[in-house]
2 protein chains.
Amino acid sequence: MTNSNPPKGMRDLTPKEVELRNFVVNTVLGVYKKFGFSQIETPCVEDINLLCSGEGGENEKMLFKILKRGEKLNLNVIQNENDLVDLGLRYDLTVPLCRFYARNKAILPQNFKVIQIGSVWRAERQQKGRFRQFTQCDIDIIGVPNVIAEIELILATSEALIEVGFKNFKVRISDRRILENLAGYCGFEKSVYGKVFIILDKLDKIGLTGVKEELENSLFPQASIDKFIDIVRQGTERNLTVEGIKIILPEIDEKVLTDLNFVMDAVTKQAGSRYSIALDLSLVRGMGYYTGQIFEIEAENYKSSIAGGGRYDKMIGKILEGHEDIPACGFSIGFERVISILEEQNFQIPKTEKKIALLYDKNSSIDLLLSKAEELRGEGNIVSIEIKGKHVGKQLDRLAEQGFNSYAIFTEGQPVEIKPLNKLKAEG
Amino acid sequence: MTNSNPPKGMRDLTPKEVELRNFVVNTVLGVYKKFGFSQIETPCVEDINLLCSGEGGENEKMLFKILKRGEKLNLNVIQNENDLVDLGLRYDLTVPLCRFYARNKAILPQNFKVIQIGSVWRAERQQKGRFRQFTQCDIDIIGVPNVIAEIELILATSEALIEVGFKNFKVRISDRRILENLAGYCGFEKSVYGKVFIILDKLDKIGLTGVKEELENSLFPQASIDKFIDIVRQGTERNLTVEGIKIILPEIDEKVLTDLNFVMDAVTKQAGSRYSIALDLSLVRGMGYYTGQIFEIEAENYKSSIAGGGRYDKMIGKILEGHEDIPACGFSIGFERVISILEEQNFQIPKTEKKIALLYDKNSSIDLLLSKAEELRGEGNIVSIEIKGKHVGKQLDRLAEQGFNSYAIFTEGQPVEIKPLNKLKAEG
């Protein structure tokens with residue numbers, strides 16, 4: 001074993017990285033709790049059948065599967081992969097949440113407002129910013145059929161992002177039923193809606209011309225494509241209003257539009273000048289399980305989304321036989337994206353405490369040294385005792401690099417004087 | 001998919017359980033940071049070769065192995081399990097730490113004081129209190145060859161346990177070299193030391209008679225067994241001192257005993273009347289990788305250990321070819337045991353904030369309702385808006401069960417009056 005790297009696509013996190021992640025987790029958790037959400041945890045490992053129910057979409061193809069153990073594994077009768085495995089690593093937190101809900105329904109509150117923060121795994125092809133183990137940070141409301149759920153999710157997520165340090169971001173909102181109505185209105189067959197939406201979802205990256213080209217490459221009827229592209233152009237070129245949609249799609253259920261207006265009004269009032277919400281016809285959200293409103297948050301000056309979610313009333317019932325539709329709605333912060341933006345901005349965690357390196361030499365009385373350290377800790381400081389090296393200047397530089405902002409030299413019989421530790425050299 | 005249970009031996013954690021675990025993690029983390037430790041994280045998944053290096057001992061037999069993916073998996077040429085897998089779930093945090101250290105040595109401080117808190121997986125046979133996914137909570141000091149490291153680990157762990165709520169616990173300490181010297185003195189062959197220690201480790205459970213019986217069943221020389229049992233009896237019947245060991249084992253390296261005295265003196269002075277430390281000849285610690293002092297903490301009124309650790313100077317070098325001995329010492333809190341003791345004691349997390357259920361009816365102005373909720377949150381309260389049910393009394397009972405301690409009914413145009421929510425019914 002000479003290779004000391006972590007597995008492909010996975011990361012070791014340094015103290016500085018863990019500190020930032022903990023800060024974000026605790027900040028977000030604090031806000032979500034204030035909104036009345038409470039946190040659950042499910043195992044990282046789930047039954048292979050649950051993970052392959054179909055509701056995981058493309059993620060199911062990126063599953064890390066776990067070998068059967070003991071007598072259950074018989075290498076002589078292997079027909080295919082499924083004979084070999086019984087468990088897998090979860091690829092999201094939504095599928096496990098559905099299992100959790102189905103199992104505990106009887107003892108859960110009627111309006112179940114839940115937080116989940118945890119690692120998920122996907123065997124993705126390697127690319128910048130993508131990892132095979134990464135953190136998801138979700139809130140979900142199960143049991144609320146009306147859009148008060150959507151409003152609460154959007155408000156809580158927005159407040160959490162503000163608390164973490166984001167400003168002037170934009171909530172984009174739409175409804176899956178508008179997309180479906182639009183596709184139908186343009187004459188696409190119902191069976192290809194999914195494919196059309198996946199192509200539309202690339203609008204940000206490939207532009208309207210690119211979307212048109214891909215639709216044409218898929219050999220959909222040209223009349224449908226032209227109509228579709230025309231409407232999407234209208235929708236993106238000017239600020240599309242709910243009234244505008246009603247003109248384009250007169251057959252859409254009135255309630256879909258009233259609900260959108262209701263959510264946008266409520267969020268706009270609570271947002272004030274801090275952030276904004278706007279209808280976006282080109283918003284798709286990748287997962288096929290959405291049934292109602294969908295939303296994303298786009299950070300100021302960054303094109304990519306830092307949060308996304310929507311309503312998924314059919315998923316729990318589909319995954320778990322015998323359950324009917326159960327109202328459910330979720331919003332997920334793109335945790336890794338948030339972290340990487342904060343790192344790019346060289347975000348500093350607000351700190352007040354002193355971090356003191358207490359240097360001693362080997363002739364020091366260990367008892368007095370330890371008591372002094374404990375005394376300083378009692379005053380609220382971080383104190384690490386460190387044996388004094390031969391080259392104190394060099395040693396202090398290294399300690400400053402590690403985040404120490406103060407030091408003291410412990411000499412028996414003399415008062416301990418705490419001095420600021422200058423980071424100049426380390427930063428220069 | 002009708003089965004909504006988590007995989008065998010794994011758990012769903014409810015809001016109440018997660019809250020307690022977060023409280024313990026944050027409390028322990030706070031104390032460790034004050035001692036100058038900093039937290040790292042490694043992936044939950046590691047290379048199969050690292051996990052099967054031999055240093056994991058019995059844990060390697062309980063490995064969850066992950067199937068190769070894509071072209072790497074060829075079902076036609078399988079000779080054995082190893083052809084099928086390339087990764088595994090970590091069974092502890094020490095083996096990954098060694099990899100992390102070897103990889104990052106050049107940029108790490110000379111005295112690396114590190115915290116790790118995370119899940120590990122072992123395919124153990126099911127029994128009460130044992131789980132196949134559980135949390136470990138370790139601190140380690142790498143690079144410090146002297147017992148200042150042992151002292152810091154013991155003090156930090158003890159302070160963390162005190163902060164969590166434990167009192168009057170007992171630190172048991174010994175040294176692997178004493179055990180080895182003792183086994184040699186009794187005439188056991190060096191190759192069977194490990195087996196002898198594994199049997200001695202059961203002393204708590206099977207008593208001295210049981211240990212004797214098992215040694216005899218292993219067909220070790222009767223003279224060695226008798227001598228060994230006699231000394232262990234002497235060691236456990238009265239308070240064994242370091243001087244006592246010197247009499248029993250005159251050939252032991254003086255430094256081993258001086259170091260033990262030094263650590264016990266220093267810890268005793270810092271402990272005051274809060275906890276105690278004592279030499280314990282029967283202390284073994286399961287893992288074979290320990291090279292020096294070993295220690296455990298035993299909670300008051302509970303026989304089982306709530307923390308354990310020791311020095312392992314050879315492990316990093318063994319796991320990672322080309323590395324020489326590297327001084328390393330660690331202490332691990334038995335996180336799951338600590339949690340289960342706190343739960344048994346019906347431990348209540350200290351709380352001050354109000355948790356308010358803000359009830360509204362469907363005719364309420366949502367804007368005013370949301371603004372009121374935000375205002376109450378701004379005052380430091382947890383506020384969950386909840387639609388008013390038909391049977392408010394029943395609803396309030398259920399909310400009380402979920403931890404709400406206050407409620408208010410939102411009626412437009414009237415001041416919101418926050419009332420205490422009585423838990424009487426829920427508890428009765």
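The analysis underlying the following values was restricted to heavy atoms, covering all of them including side chains, and did not include hydrogens, waters or symmetry mates. In what follows, chains are A, B, ... by sequence order, proteins preceding strands, each numbered from 1.
- Considering only heavy-atom pairs separated by less than 4.5 Å from chain B, the leading option among A:Leu87, A:Val85, A:Thr14, A:Ile148 is A:Ile148.
- Each of A:Arg398, A:Gln133, A:Gln39, A:Met10 has some count of heavy-atom pairs under 4.5 Å with chain B, and the biggest count is that of A:Gln39.
- Residue contact with chain A, scored on non-hydrogen atoms closer than 4.5 Å, is absent for B:Cys98.
- Looking only at atom types and distance, the side chain of A:Glu386 has a donor-acceptor partner in the side chain of A:Ser384 under 3.5 Å away.
- Using a 4.5 Å cut-off between heavy atoms, B:Phe131 makes no contact with chain A at all.
- Proximity to chain B is absent for every atom of A:Glu353, based on heavy atoms less than 4.5 angstrom apart.
- With a 4.5 Å cut-off on non-hydrogen atoms, A:Leu73 touches chain B through its side chain but not through its backbone.
- For B:Lys113, the part lying under 4.5 angstrom from a heavy atom of chain A is the side chain only.
- Residue B:Ile356 does not touch chain A at all, counting heavy-atom pairs closer than 4.5 Å.
- Geometrically, B:Arg69 does not engage A:Phe64 in a cation-pi contact, judged by NZ or CZ lying under 6.0 Å from the ring centre and within 45° of the ring axis.
- With a threshold of 4.5 angstrom between heavy atoms, A:Ile115 does not approach chain B through any atom at all.
- Residues meeting the ring-ring contact (aromatic ring centres under 6.0 Å, His included) test with A:Phe134, sequence neighbours left out: none.
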